[in-house]
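Keep in mind that the numbers below use all heavy atoms, side chains included, and drop hydrogens, waters and symmetry copies.
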Amino acid sequence: MAAPVELRLVLDQLPADPLLLVFSFLDFRDLIHCSFVSRRLNQLSGHNPLWRSLCSRYWLLTDADRGAGAPSWRALFRQYYLEWGRYLRHYAVLKTSWETLKTFLSQRCPRMIASLKDGAKEEELDSIETQIGFKLPEDYRCSYRLHNGQKLVVPGLMGSMALSNHYRSEDLLDVETAAGGFQQRKGMRQCLPLTFCFHTGLSQYLALEATEGRNLSDIFYHCPDQLAQDPSAIDMFITGTSFSDWFTTYVNNVVTGEYPIIRDQIFRYVREQQCVATTGDLSVTVSTAFLPELSSVHPPHFFFTYRIRIEMSSSASPDAACQLDSRYWKITKGNGEEEEVRGPGVVGEYPVMMPGKVHEYASCTTFSTTSEHMEGHYTFHRLANKEEVFNVLIPRFHMVCPPFRKSVVRSVSLSLDQSSWLNDDDSDGDHGDFRGINLGDGAQCPRHV
């Protein structure tokens with residue numbers, strides 16, 4: 001509806017500066033509406049600094065992006081809106097994440113940057129939707145317009161994990177490869193793979209429909225129910241509630257150093273704040289990681305690896321040199337049960353610590369409750385005096401299973417079958433000792449070493 005003549009006359013008589021100040025608080029839609037009020041407001045609403053601010057907010061454009069002799073900021077905004085307007089809610093967040101990640105990795109993991117693919121075209125994404133018969137989430141489409149995943153290489157962009165004889169590295173799949181792995185079988189219906197690991201076959205999936213106990217846009221690792229006879233009984237470890245949440249959280253963990261870079265790979269270890277203990281010149285830091293490919297909900301078998309860093313201060317006296325003799329662990333399960341473990345060395349080693357030296361090692365543990373914490377100490381002796389024995393504290397660190405959802409097939413079965421062994425299975429969560437359990441690839445799990 002056109003503004004009354006009297007109002008237009010009043011607005012036309014106002015000085016430009018206060019009007020431009022008011023316009024600076026308006027969104028682009030409001031500025032467009034103002035441009036239809038009168039000729040003068042049309043001129044003022046096209047003020048270049050107003051649209052420069054909007055181009056920066058929505059499209060992250062700078063003066064360098066516009067360049068000399070380029071169209072006005074308003075025309076540039078329109079140009080980007082025609083190309084990216086459908087992704088207005090997601091573009092700035094995802095573009096920022098991608099650029100931040102690339103800047104960070106270009107100095108640390110240049111091979112990963114080289115593996116990234118150029119963005120997909122709108123028609124290519126439309127074709128994929130036609131192929132699989134489902135709409136792709138808008139944030140997923142936006143990200144894939146920026147980068148269409150990566151080439152299938154090792155190491156993968158989405159993180160790695162390594163034990164003595166177990167390795168995982170996840171690639172971010174391009175949309176064409178993902179569509180080829182689109183799941184329609186019972187238990188995994190309407191699920192699109194996001195990542196893939198050559199070594200384990202592990203993938204994270206994106207739910208394109210709210211079905212079989214999943215919410216729309218859930219991202220998860222699938223986990224077959226090993227106690228069910230029905231192969232469609234699949235539990236899920238949830239890793240995200242939307243593509244944008246999943247990707248931006250991961251990028252933030254990488255660029256803030258939460259996930260360390262080790263041998264040109266991103267390792268998905270997590271360290272709690274303040275998880276460091278200092279005894280004299282020695283400090284001990286612990287970080288942990290959950291391994292979904294070696295875990296299950298039924299039976300409850302949650303597999304964690306932990307990485308320990310022992311460091312002697314570079315300012316320590318040479319006389320402070322020492323050697324690790326033994327370890328002591330106190331393990332507390334989520335149900336309150338406690339266990340104590342003592343043993344020689346760490347993973348078969350007896351590291352010697354000198355001023356400035358760092359010793360790191362990784363070990364693993366399994367448990368049958370959804371959470372557990374560990375703490376303890378190492379026993380050292382001085383090299384200059386073997387009779388001088390002392391303990392170095394290991395800080396308490398927690399291992400908590402990520403959120404999971406049980407298979408709807410199991411839920412239905414439980415409602416129909418109330419046999420005692422199934423009731424016992426879900427009552428106390430304790431399924432015995434997992435020491436020495438086979439990891440599925442011939443590896444044996446060392447317990448608390």
Side-chain angles (χ1 to χ4, degrees), residues 156 158-163 166 168-170 172 187-188 191-197 200-207 212-226 233-254 256 258-260 266-273 275 286-307 331-335 362 364-374 396-408 410-411 426 429 431 434 439-440 445:
M158 302 311 294
S160 302
M161 187 54 59
L163 297 174
H166 180 82
R168 180 186 85 225
S169 187
E170 293 181 59
L172 182 65
M188 289 288 291
C191 292
L192 185 75
L194 288 179
T195 67
F196 179 73
C197 171
T200 64
L202 184 74
S203 287
Q204 294 184 67
Y205 286 89
L206 170 65
E212 297 180 326
R214 292 179 290 274
N215 297 324
L216 177 65
S217 294
D218 272 350
I219 297 174
F220 64 95
Y221 289 108
H222 75 297
C223 177
D225 186 333
Q226 299 178 26
I234 297 176
D235 303 314
M236 298 158 280
F237 291 111
I238 307 298
T239 57
T241 56
S242 70
F243 180 88
S244 182
D245 163 67
W246 174 78
F247 184 71
T248 57
T249 299
Y250 176 76
V251 171
N252 182 68
N253 285 335
V254 173
T256 59
E258 183 75 11
Y259 292 162
I266 301 167
F267 276 75
R268 297 208 319 242
Y269 282 104
V270 175
R271 181 168 70 87
E272 302 170 56
Q273 290 187 352
C275 190
V286 187
S287 54
T288 64
F290 176 71
L291 275 66
E293 68 271 30
L294 301 179
S295 302
S296 67
V297 177
H298 293 103
H301 172 195
F302 305 110
F303 192 106
F304 272 85
T305 177
Y306 51 91
R307 186 175 184 85
I331 305 109
T332 305
K333 297 182 179 181
N335 58 12
C364 56
T365 181
T366 59
F367 51 98
S368 56
T369 56
T370 56
S371 65
E372 178 180 275
H373 66 260
M374 294 171 56
R396 175 180 294 188
F397 58 97
H398 297 80
M399 290 169 285
V400 180
C401 174
F404 61 80
R405 294 205 185 102
K406 298 178 181 180
S407 166
V408 293
R410 163 170 279 269
S411 299
D426 280 344
H431 286 255
F434 285 90
L439 306 183
C445 174

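- In terms of modelled atom types and a separation under 3.5 Å, the side chain of Q226 and the main chain of P299 share no donor-acceptor contact.
- Here T249 contributes atom OG1 and I219 contributes atom CD1; the two are 9.5 Å apart, rounded to the nearest 0.5 Å.
- For the pair F220 and P292, the minimum side-chain heavy-atom distance is 4.5 Å or more.
- Of all non-hydrogen atoms in Y269 and P260, the two that sit nearest each other are O-CD, 3.9 Å.
- When side chains are defined from C-beta on, C223 does not count as touching F404, because their heavy atoms never get closer than 4.5 Å.
- Residues D235 and K406 share a closest heavy-atom pair of OD1-CA, 3.2 Å.
- Closest of all the heavy-atom pairs between R405 and N215 is NH2-ND2, 3.0 Å.
- Going from atom OH of Y259 over to atom OG of S287 covers 11.5 Å, rounded to the nearest 0.5 Å.
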Legend entry - Verdict with reasoning, L291 to F303, per side chain to side chain contact (heavy atoms under 4.5 Å, CB included): CA-CA 6 Å; L291 275 66; F303 192 106; 4.0 Å; yes

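- Atoms CE and CE, on M399 and M374 in that order, are 5.0 Å from each other to the nearest 0.5 Å.
- Looking only at distances, no side-chain donor or acceptor of E170 sits under 3.5 Å from a matching main-chain atom of G156.
- Y221 contributes atom OH, which lies 9.0 Å from atom OG of S203 (distance to the nearest 0.5 angstrom).
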Inset, instruction - Check the pair R268, Y250 against side chain to side chain contact (heavy atoms under 4.5 Å, CB included), reporting the backbone distance first and the verdict last. - result: CA-CA 9 Å; R268 297 208 319 242; Y250 176 76; 3.7 Å; yes

Inset, instruction - Carefully, step by step, assess I234 and R214 under the rule side chain to side chain contact (heavy atoms under 4.5 Å, CB included). - result: CA-CA 11 Å; I234 297 176; R214 292 179 290 274; over 6 Å; no

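- Across all their heavy atoms, V286 and R271 have their closest contact at O-CG, 3.2 Å.
- Taking the six-membered ring where tryptophan is involved, the planes of F243 and W246 are tilted, since the angle between them lies from 30° to 60°.
- One N or O on the side chain of E272 and one on the backbone of H398 form a donor-acceptor pair closer than 3.5 Å.
- Inter-residue side-chain proximity for M236 and D218 is flagged as unmet; no heavy-atom pair is nearer than 4.5 Å.
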Legend entry - Steps toward side chain to side chain donor-acceptor pair (under 3.5 Å) verdict (E293, T200): CA-CA 8 Å; E293 68 271 30; T200 64; 5.3 Å; no

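- At distances below 3.5 Å, at least one donor-acceptor pair connects side-chain atoms of D245 with backbone N or O atoms of T241.
- When all heavy atoms of C275 and F397 are compared, the pair lying nearest together is SG-CB, 3.7 Å.
- The backbone N or O of N335 lies less than 3.5 Å from no partner atom in the side chain of T369, so there is not a single donor-acceptor pair.
- When all heavy atoms of S407 and A233 are compared, the pair lying nearest together is OG-CA, 3.3 Å.
- To the nearest 0.5 Å, atom CG of residue L172 and atom CE of residue M158 are 6.0 Å apart.
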Inset, instruction - List the steps, then state whether side chain to side chain contact (heavy atoms under 4.5 Å, CB included) holds for F237 with V297. - result: CA-CA 9 Å; F237 291 111; V297 177; 3.8 Å; yes

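- The CD atom of Q204 sits 7.0 Å away from atom CG of L194, with the distance rounded to the nearest 0.5 Å.
- Panel note: side chain S242, backbone S217; no donor-acceptor pair is recorded below 3.5 Å.
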